[in-house]
Amino acid sequence: FLALGDETTHGTAVPLTQFPYIISADLGETATHVDAGHVGRVGGAMYATPQTGRVAIAPKFVSPLQYNLVGWLFRAFDGTVSTTGAGPYTHVWSPGTSQSWTMEYAPSDAITESVDIPGCKLVEATIKWPFDGIATIETSWLGLRKTAPATKTTAVLPTANEVNGGDLTTLTLGSFNLLVIAQGVDVKLTNPQIAGGGMRRDANGRLTAEELTDGSPRMAEISVPIELTVAEWHDFHDAYVAVPNPTENDFTLVATDPSTGETLTIVVRNCSIVATAFPTVSDPSALVRVTLSLKGRADPPGGDPLWTATLVNGDAFPYQT
């Protein structure tokens with residue numbers, strides 16, 4: 001299993017409370033090398049003996065997107081949530097100060113194989129919405145050190161409540177309805193992190209940073225494969241692509257659980273089309289398949305956040321309990 005616990009103080013390990021289901025996981029580790037002060041000579045050439053520099057832990061995992069577990073994802077980008085209502089409850093997240101986590105990676109039942117990564121932060125998340133299967137989250141993280149857990153953690157997995165691609169009820173770019181022509185959609189949210197706060201050496205003498213801080217700019221990128229006729233494409237191209245200045249529109253995605261009525265809404269502000277392809281087919285009735293690449297403005301006018309995520313459900317607490 002893989003488990004998360006949201007920290008009060010960056011890098012101070014806490015009990016684990018969130019247990020996302022995982023499809024795959026990879027515990028990456030990188031180490032830079034720096035030249036030591038010792039200088040030697042080989043055949044008349046001077047050289048410096050390298051030693052291990054800063055070490056970074058870079059976990060990656062893929063998880064099914066679930067209505068009842070999505071809170072941890074957006075909390076990682078923000079750290080706070082605005083909750084209103086009283087059944088149904090409306091929980092709203094937007095980019096803010098990133099939340100740091102204690103992460104535990106347990107590839108087996110043996111505690112000797114488990115790894116704790118305190119001070120872990122999410123740096124990138126891509127939500128993939130196929131129209132013929134379960135939606136997934138691909139996440140990339142950054143941590144500064146790893147430790148052995150003192151006690152064995154027992155995973156507490158809640159009832160699975162996956163979001164299916166077919167749950168999408170709204171997919172729009174401004175007033176344009178993408179849902180009828182889209183073949184799927186990916187939404188990538190980035191959260192750059194900078195290692196700072198001084199340096200120290202771990203038990204192996206390797207340099208590590210004390211903490212991670214939010215970098216910039218944060219980005220929201222969307223990829224939508226679409227299918228439409230040549231004539232329809234020309235109309236869309238003239239309205240959204242071929243204009244003198246990029247046309248900015250809000251991108252809105254809504255998924256609705258058909259069994260409970262819970263909804264998950266993601267809005268990316270002031271998106272413009274940054275890449276596409278112009279078809280060379282001359283038959284106006286032929287089908288065109290192109291992929292729209294959209295990017296939201298990092299600084300939307302009016303003080304709006306780059307993106308918001310809204311979950312409407314019957315739970316007063318939007319995270320796993």
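Just so it is clear, the model here is predicted, and its values are computed rather than measured.
- There is no path of hydrophobic side-chain contacts, each under 4.5 Å, that joins Tyr105 to Val62.
- Between Leu171 and Ala182, the shortest heavy-atom contact is CD2-CB, 3.7 Å.
- Between the side chain of Gln18 and the backbone N or O of Leu16 there is no donor-acceptor pair closer than 3.5 Å.
- Smallest separation of non-hydrogen atoms from Pro225 and Ser223: CD-O, 3.9 Å.
- When side chains are defined from C-beta on, Lys295 does not count as touching Cys271, because their heavy atoms never get closer than 4.5 Å.
- Ile273 places a side-chain heavy atom less than 4.5 Å from the side chain of Phe236.
- Met103 has its side chain within reach of Leu4: a pair of non-hydrogen atoms, C-beta onward, lies under 4.5 Å apart.
- Rounding to the nearest 0.5 Å gives a distance of 9.5 Å between CG of Leu264 and CG of Leu168.
- Put simply, the side chain of Trp307 reaches to within 4.5 Å of the side chain of Leu189, judged on heavy atoms.
- In the hydrophobic clustering of ILVMFWY residues, with side-chain heavy atoms under 4.5 Å counting as a link, Val267 and Leu179 come out apart.
- Between Phe131 and Gly165, the closest heavy-atom pair is CD1-O, 4.1 Å.
- When every heavy atom of Ala220 is checked against every heavy atom of Val268, the shortest pair comes out as CB-CG1, 3.6 Å.
- For the pair Val290 and Ile226, the minimum side-chain heavy-atom distance is below 4.5 Å.
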- Message: With side chain to side chain donor-acceptor pair (under 3.5 Å) as the criterion, how do Thr102 and Glu7 come out once you've worked through the C-alpha distance, each side chain's angles and the decisive distance to 0.1 Å?
- Response: CA-CA 7 Å; Thr102 298; Glu7 298 175 346; 2.8 Å; yes

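- No side-chain heavy atom of Ile222 sits under 4.5 Å from any side-chain heavy atom of Leu253.
- Under the 4.5 Å side-chain contact rule for hydrophobic residues, Phe317 and Val14 do not share a cluster.
- Of all non-hydrogen atoms in Ala316 and Pro318, the two that sit nearest each other are O-CD, 3.8 Å.
- Nearest heavy-atom pair, Ile117 versus Cys120, reported as atom, atom and distance to 0.1 Å: O-CB, 3.7 Å.
- A donor-acceptor pair under 3.5 Å links the side-chain atoms of Asp167 to the main chain of Asn164, judged by distance alone.
- Once rounded to the nearest 0.5 Å, the distance linking CD of Glu162 with OH of Tyr67 reads 10.5 Å.
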- Would you please test Val81 and Tyr319 for side-chain contact (heavy atoms from CB on, under 4.5 Å) and show each step? CA-CA 10 Å; Val81 60; Tyr319 311 110; 3.5 Å; yes

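- Under the 4.5 Å side-chain heavy-atom criterion for grouping Ile, Leu, Val, Met, Phe, Trp and Tyr, Ile266 is connected to Leu292 within one hydrophobic cluster.
- Put simply, the side chain of Arg75 never gets that close to the backbone of Trp93: no donor and acceptor are under 3.5 Å apart.
- Side-chain atoms of Lys121 do not come within 3.5 Å of backbone N or O of Gln193 as any donor-acceptor pair.
- Taking CG of Leu122 as the reference point, atom CD of Gln99 lies at 11.5 Å (rounded to 0.5 Å).
- Ring planes of Trp141 and Phe61: parallel class, angle under 30° (limits at 30 and 60°).
- Taking Asn249 as the reference, Leu173, Tyr240, Thr247 meet the side-chain contact (heavy atoms from CB on, under 4.5 Å) condition, with sequence neighbours excluded.
- A distance of 13.5 Å separates OG in Ser63 from CZ in Phe19, rounded to the nearest 0.5 Å.
- Results of the side chain to side chain contact (heavy atoms under 4.5 Å, CB included) test with Arg297 over Glu248, Met219, Arg269 single out Glu248 as the only residue that passes.
- Atoms CG and CD1, from Asp116 and Ile57 in turn, are 12.0 Å apart once rounded to the nearest 0.5 Å.
- Judged by distance alone, the side chain of Tyr21 and the main-chain N or O of Pro158 form a donor-acceptor pair under 3.5 Å.
- Annotation: salt bridge (Lys or Arg N to Asp or Glu O under 4.0 Å) contacts of Glu221 (sequence neighbours excluded): Lys188.
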Side-chain donor-acceptor distances from residues 82-92 under 3.5 Å, at least two apart:
residue : atom : partner : partner atom : Å
Thr83   : OG1  : His91   : ND1          : 2.9
His91   : NE2  : Asn313  : OD1          : 3.1
His91   : NE2  : Asp315  : O            : 2.8

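- Looking at Asn270, its side chain never comes within 3.5 Å of a backbone N or O of Pro301 through a donor-acceptor pair.
- At a threshold of 4.5 Å between non-hydrogen side-chain atoms, the residues Glu104 and Phe1 count as touching.
- The only member of Thr256, Thr263, Asp257 that meets side-chain hydrogen bond (donor to acceptor under 3.5 Å, both in side chains) when paired with Thr260 is Asp257.
- Checking side-chain atoms of Arg145 against main-chain N and O of Gly11 turns up a donor-acceptor pair under 3.5 Å.
- At least one side-chain heavy atom of Val187 sits under 4.5 Å from a side-chain heavy atom of Trp129.
- Following chains of ILVMFWY side-chain contacts shorter than 4.5 Å, one cannot reach Leu27 starting from Ile23, and the two form parts of different hydrophobic clusters.
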- Please test Thr229 against Leu287 for side-chain contact (heavy atoms from CB on, under 4.5 Å), starting from the C-alpha separation and ending with a verdict. CA-CA 4 Å; Thr229 67; Leu287 287 177; 4.3 Å; yes

- Query: Would Trp233 and Ile181 satisfy side-chain contact (heavy atoms from CB on, under 4.5 Å), going step by step from the backbone distance to the final call?
  - Reply: CA-CA 11 Å; Trp233 168 250; Ile181 59 174; over 6 Å; no

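- When Ser216, Ser140, Ser98 are each tested for a side-chain hydrogen bond (donor to acceptor under 3.5 Å, both in side chains) with Asn191, only one passes: Ser98.
- Gln66 places a side-chain N or O within 3.5 Å of a backbone atom of Asn161 that can act as its donor or acceptor partner.
- To the nearest 0.5 Å, atom CD1 of residue Ile137 and atom CG of residue Leu73 are 5.0 Å apart.
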